[in-house]
Amino acid sequence: RDYLDNCNARGEMAEDVLERIVTDSYTYGTAFLYIIRNGNFTAIDHRDATFCRVSKDQKHIYYSRGFNRNNEYKSNQDFAPIAIPVYPNFEPVPGGQGQHSIIHIRKYSPEYYYYGQIDYYAAYYSGWLDIDYHIPKYNLGRFENQFRPSGMLVMVGSNTKEEEAK
């Protein structure tokens, strides 16, 4: 029970770590469970899917906070990728203590060899999510404007007497 209440160095509950993993799995179709063995203690943690990349041989996960930044940050040594072995292999990593490994959880989809596929893939790429965003925004704008027109069209010109009679 103590382990579930304190599963890593930050003193987080296992439930919190698993919640972030489930969130990444739903949002990105892939998630990463980080494992650190140090002496008699094994810690588990979450690694944000936006900071992880799978190696070509799928034996390591490269982790860097620079992956989701602009290209100007990629050359910065503060964001140099760290290679973490995929479970069941454990290896020491630079700047870390003990043996490290990572479990790559992904939603299966044919022809997606490195990452999982999100559940809402079809809606995302067909434009339905964009429509789902813009319709409420349009309606809320109308409510906030109290259904008054936002402008008036004025046409400059003059009519002849016959056109005015019509």
message = Can you tell me how far apart OG (Ser109) and CD (Gln117) are? Round to the nearest 0.5 Å.
response = 3.5 Å
key: Any side-chain heavy-atom pair of Tyr62 and Cys52 under 4.5 Å   = no
query = Honestly, is Arg106 close enough over Tyr112, meaning NZ or CZ under 6.0 Å from the six-membered ring centre and within 45° of the axis?
reply = no
task = Determine, stepwise, if the pair His46 / Phe32 fulfils side-chain contact (heavy atoms from CB on, under 4.5 Å).
result = CA-CA 6 Å; His46 158 262; Phe32 297 93; over 6 Å; no
key: same_hphob_cluster(Leu140, Tyr138) at 4.5 Å side-chain heavy-atom cutoff   = no
query = So do Thr42 and Ile36 actually touch side chain to side chain, heavy atoms under 4.5 Å?
reply = no
key: Residue pair Gln58 / Val54: nearest heavy atoms and the distance that separates them   = CG-CG1, 3.8 Å
Enumerate donor-acceptor pairs with a distance under 3.5 Å from any side-chain N or O in residues 7-22 to protein atoms, sequence neighbours excluded.
from, atom 1, to, atom 2, distance (Å)
Asn8, OD1, Arg10, N, 3.1
Asn8, OD1, Gly11, N, 3.2
Asn8, OD1, Glu12, N, 3.2
Asn8, ND2, Glu12, OE1, 2.8
Asn8, ND2, Ile44, O, 3.3
Arg10, NH1, Asp45, OD2, 3.0
Arg10, NH2, Glu12, OE1, 3.1
Arg10, NH2, Asp45, OD1, 2.9
Arg10, NH2, Asp45, OD2, 2.9
Glu12, OE1, Arg20, NH2, 3.0
Glu12, OE2, Arg20, NH2, 3.2

query = What heavy-atom pair brings Ala49 and Tyr28 nearest, and what distance separates the two atoms?
reply = CB-CD1, 3.8 Å
message = Using modelled atom types and a 3.5 Å cut-off, is there a donor and acceptor pairing between side-chain atoms of Asn38 and backbone atoms of Phe41?
response = no
ask   = Distance from Asp24 atom CG to Ile105 atom CD1, nearest 0.5 Å?
value = 9.5 Å
note = Closest non-hydrogen atoms of Ser25 and Ala31, given as atom of the first, atom of the second and distance, are N-CB, 3.9 Å
query = In Å, rounded to the nearest 0.5 Å, how long is the span from CD1 of Ile35 to CD1 of Ile84?
reply = 11.0 Å
note = What one should report as the nearest heavy-atom pair of Arg47 and Tyr63 is CD-CE1, 3.4 Å
Could you pull out all donor-acceptor pairs under 3.5 Å where a side-chain atom in residues 93-104 meets a protein atom, sequence neighbours excluded?
from, atom 1, to, atom 2, distance (Å)
Gln99, OE1, Glu91, N, 3.4
His100, ND1, Tyr34, OH, 2.5
His100, NE2, Gln97, O, 3.0
Ser101, OG, Pro85, O, 3.3
Ser101, OG, Tyr87, N, 3.1
Ser101, OG, Asn89, O, 2.8
His104, NE2, Thr30, OG1, 2.5

request  = Indicate, with yes or no, if Tyr113 and Val86 share a hydrophobic cluster defined by side-chain heavy-atom contacts under 4.5 Å among Ile, Leu, Val, Met, Phe, Trp and Tyr.
outcome  = yes
